[in-house]
Amino acid sequence: MMKRTLGAVFIFLFGVFVFADEIKNPPVLLGIDVLKAQGFALLQGKQVGLITNQTGVDSEGRSTADLLARAPGVKLVALFSPEHGIRGAREHGQSIGDTIDPKLHLPVYSLYGAVQKPTPEMLNTIDVLVFDLQDVGARFYTYLTTMGMAMEAAAQRRIAFMVLDRPNPLGGSVVEGQVLDSRIRHFTAYYQIPVRHGFTAGELSQWYNQTQKLGVQLTVITLKNWKRDEVWPETGLTFTHPSPNIRNPTAAILYCGIGMFEATNISVGRGTETPFELLGAPWINGDSLAKKLNDLQLPGFQFSSSTFTPTSELYKNQICYGIKIKVLDPKSVRPIDLFVQIACAVRELWPKDFQPRWDEVARVTGSSDFEHLYIQNKPAADILAVFHKSADQFAKDRQPYLLY
């Protein structure tokens with residue numbers, strides 16, 4: 001775990017002047033750290049099912065599954081894996097089967113294969129279902145959908161549900177994008193929240209339990225020392241990639257905006273070393289697009305022309321021309337705004353080549369509003385006004401469910 005320090009300024013402390021960077025901020029403690037410090041008291045005498053993958057570790061990198069398996073008085077009886085599998089190595093969209101964990105010799109039930117919700121048979125011997133996954137802060141990333149569906153199953157079986165909370169890697173202060181239209185329901189469009197919702201998993205679990213009146217017996221083991229406006233690099237925690245293409249905090253923050261282009265015929269750099277930091281297609285002129293975006297002076301972003309050849313996914317083994325996206329300041333960037341600005345620039349420069357799949361676009365943006373405004377040639381400012389209004393209202397509505 002990295003150190004958290006204050007900026008290098010002089011302060012007066014206990015009668016002497018010292019450098020503030022010599023004073024360490026208290027480390028961020030994850031939900032699993034707090035549960036462990038409490039001696040796993042809330043799980044004593046319980047048979048536990050754990051929804052997890054390789055991101056389910058404490059702040060020192062020790063597996064939550066291993067910790068629960070060794071915890072006195074706790075009986076871990078089953079593991080449940082989300083999209084990408086228990087090790088997070090499978091590519092997106094790949095169906096995954098049930099397995100046996102070779103180390104713990106426990107069943108690993110896949111929640112991204114034949115079923116997406118725990119079945120009654122899977123829950124037969126379980127008293128408490130525990131969720132410990134690192135989300136990336138985007139509505140269409142599927143780990144929190146898995147959490148919601150597991151909460152529904154727990155409520156139906158009248159078993160307890162516990163969330164071991166983790167930071168939102170994008171921070172929790174900024175809300176972006178349109179709230180999902182209630183008429184849209186999909187595994188990647190499950191909650192009526194904005195694209196960048198600013199919730200931790202624990203906060204979203206409270207919101208979902210209360211707004212949908214699930215009635216699940218919910219416990220959230222909260223973080224300690226995490227500040228709501230902190231983005232991942234400020235936490236001092238090691239970043240464990242949650243899926244094969246979210247390899248660093250930069251990819252995570254870009255994903256909630258650039259990831260929306262996966263509903264179009266533009267590559268987002270899958271099949272390269274820097275997915276979501278690249279964007280392009282064989283028909284794009286990178287110099288033209290980079291200049292247009294740099295001229296907008298979007299806060300925290302810098303763009304340069306780039307050429308890349310994906311080794312998989314869209315445009316496999318084809319040369320793509322486009323842009324490299326550099327995040328200069330992760331706290332000031334607005335990736336959903338960036339999506340709108342790029343989409344409008346592409347509409348102006350290559351209107352005959354750009355091919356959105358509008359049903360998928362509605363799922364990632366939240367409604368058909370983007371499509372209607374876009375095909376009417378409305379400027380980016382008009383589209384963003386709709387997005388900002390929706391996000392601003394949700395930022396107010398979510399207040400009762402915030403834990404930090």
Side-chain angles (χ1 to χ4, degrees), residues 135-141 144-145 148 168 170-186 188-200 203-204 206-208 210-212 228-229 231 253-264 292-293 296-301 329-348 356-402 404:
D135 185 54
V136 303
R139 183 184 61 220
F140 44 80
Y141 200 74
L144 294 187
T145 298
N168 184 320
L170 315 186
S173 296
V174 178
V175 176
E176 279 191 274
Q178 196 170 27
V179 172
L180 183 68
D181 189 318
S182 61
R183 294 169 293 184
I184 299 174
R185 187 74 160 179
H186 188 269
T188 58
Y190 205 69
Y191 300 106
Q192 292 173 46
I193 57 177
V195 178
R196 182 181 180 181
H197 45 75
F199 276 143
T200 66
E203 291 171 334
L204 181 60
Q206 290 200 143
W207 175 88
Y208 192 52
Q210 294 182 41
T211 61
Q212 300 304 306
R228 177 147 224 103
D229 65 345
V231 293
I253 198 165
L254 289 172
Y255 174 77
C256 65
I258 299 303
M260 291 197 276
F261 281 105
E262 296 198 270
T264 77
K292 193 161 194 66
L293 294 173
L296 294 173
Q297 298 184 330
L298 301 175
F301 285 121
D329 177 10
K331 297 186 94 164
S332 65
V333 295
R334 299 294 180 265
I336 287 86
D337 286 10
L338 176 60
F339 163 76
V340 173
Q341 295 289 359
I342 293 176
C344 289
V346 170
R347 180 184 61 189
E348 177 185 338
R357 297 183 296 277
W358 288 118
D359 58 335
E360 295 178 38
V361 171
R363 290 203 295 264
V364 294
T365 60
S367 78
S368 60
D369 289 349
F370 178 80
E371 175 188 359
H372 296 153
L373 294 167
Y374 192 81
I375 62 178
Q376 293 172 24
N377 286 314
K378 296 295 184 182
D382 287 9
I383 300 172
L384 289 173
V386 173
F387 282 12
H388 292 170
K389 181 179 179 181
S390 182
D392 290 347
Q393 183 58 54
F394 186 83
K396 297 174 184 175
D397 294 343
R398 72 176 185 149
Q399 288 298 318
Y401 309 101
L402 301 184
Y404 313 96

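- For K378, the side chain to side chain contact (heavy atoms under 4.5 Å, CB included) test picks out L373, Q376, D382, with sequence neighbours left out.
- Side chain to side chain, Q341 and D337 fail the donor-acceptor criterion of an N or O pair below 3.5 Å.
- Taking Y190 as the reference, nothing meets the ring-ring contact (aromatic ring centres under 6.0 Å, His included) condition, with sequence neighbours excluded.
- R228 is linked by a salt bridge (charged side-chain N to carboxylate O under 4.0 Å, His left out) to E203, counting only residues two or more places apart in sequence or in another chain.
- Between the S390 side chain and the V179 main chain, a donor and an acceptor come within less than 3.5 Å of each other.
- Partners of I342 according to the side chain to side chain contact (heavy atoms under 4.5 Å, CB included) rule, which considers only residues two or more places apart in sequence or in another chain, are I258, F261, L279, L293, I323, L338, V346.
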Trace of the side chain to side chain contact (heavy atoms under 4.5 Å, CB included) decision for V136 with C256 = CA-CA 8 Å; V136 303; C256 65; over 6 Å; no
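- In this structure, the ring of F339 has its center less than 6.0 angstrom from the ring center of F370.
- In terms of heavy-atom proximity, I336 sits nearest to M260 at CG1-CE, 3.9 Å.
- Nearest heavy atom pair, residue L180 against residue Q192, reads O-CG, 3.6 Å.
- Judged as a side chain to side chain contact (heavy atoms under 4.5 Å, CB included), and not counting sequence neighbours, the contacts of P330 are V231, I253, V327.
- For the side chain to side chain donor-acceptor pair (under 3.5 Å) test, residues two or more places apart in sequence or in another chain that qualify with D181 are R183.
- Note: Q399 CD to L402 CG = 5.0 Å, rounded to the nearest 0.5 Å.
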Verdict with reasoning, F387 to V195, per side chain to side chain contact (heavy atoms under 4.5 Å, CB included) = CA-CA 10 Å; F387 282 12; V195 178; over 6 Å; no
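- Scored by the salt bridge (charged side-chain N to carboxylate O under 4.0 Å, His left out) test, R196 finds E176 as partners (sequence neighbours excluded).
- Checked by atom type and distance alone, the side chain of R139 pairs as donor or acceptor with a backbone atom of V364 at under 3.5 Å.
- Contact between C344 and I383 at its shortest, heavy atoms only, is SG-CD1, 4.0 Å.
- Side chains of I193 and L204 form a contact here, defined as non-hydrogen atoms less than 4.5 Å apart.
- Looking at heavy atoms from C-beta onward, V361 lies out of side-chain contact with Y374 at the 4.5 angstrom threshold.
- Within 6.0 Å of atom CD in Q297, 12 or fewer heavy atoms from other residues, nucleotides or ligands are found, so the atom counts as exposed in its surroundings.
- Ring planes of F199 and W207: tilted class, angle from 30 to 60°.
- Rounding to the nearest 0.5 Å places CD of E262 at 9.0 Å from CZ of R357.
- With sequence neighbours excluded, the residues forming a side chain to side chain contact (heavy atoms under 4.5 Å, CB included) with T188 are F140, T142, H186, R363, listed by chain and number.
- Y208 meets the side chain to side chain donor-acceptor pair (under 3.5 Å) test with E152; sequence neighbours excluded.
- Residues passing the side chain to side chain donor-acceptor pair (under 3.5 Å) test with Y191: none are found, sequence neighbours excluded.
- Every residue two or more places apart in sequence or in another chain that forms a salt bridge (charged side-chain N to carboxylate O under 4.0 Å, His left out) with K331 is listed here: D229, E234.
- Of all heavy-atom pairs between S332 and G300, the closest is OG-CA, 3.4 Å.
- Side-chain contact between L384 and R334 is absent, with no heavy-atom pair separated by less than 4.5 Å.
- Evaluation of the salt bridge (charged side-chain N to carboxylate O under 4.0 Å, His left out) rule for E371 yields no partner, not counting sequence neighbours.
- Here the shortest heavy-atom pairing between A391 and G177 reads CB-O, 3.4 Å.
- Annotation: the span from R398 atom CZ to Q206 atom CD amounts to 13.0 Å, rounded to 0.5 Å.
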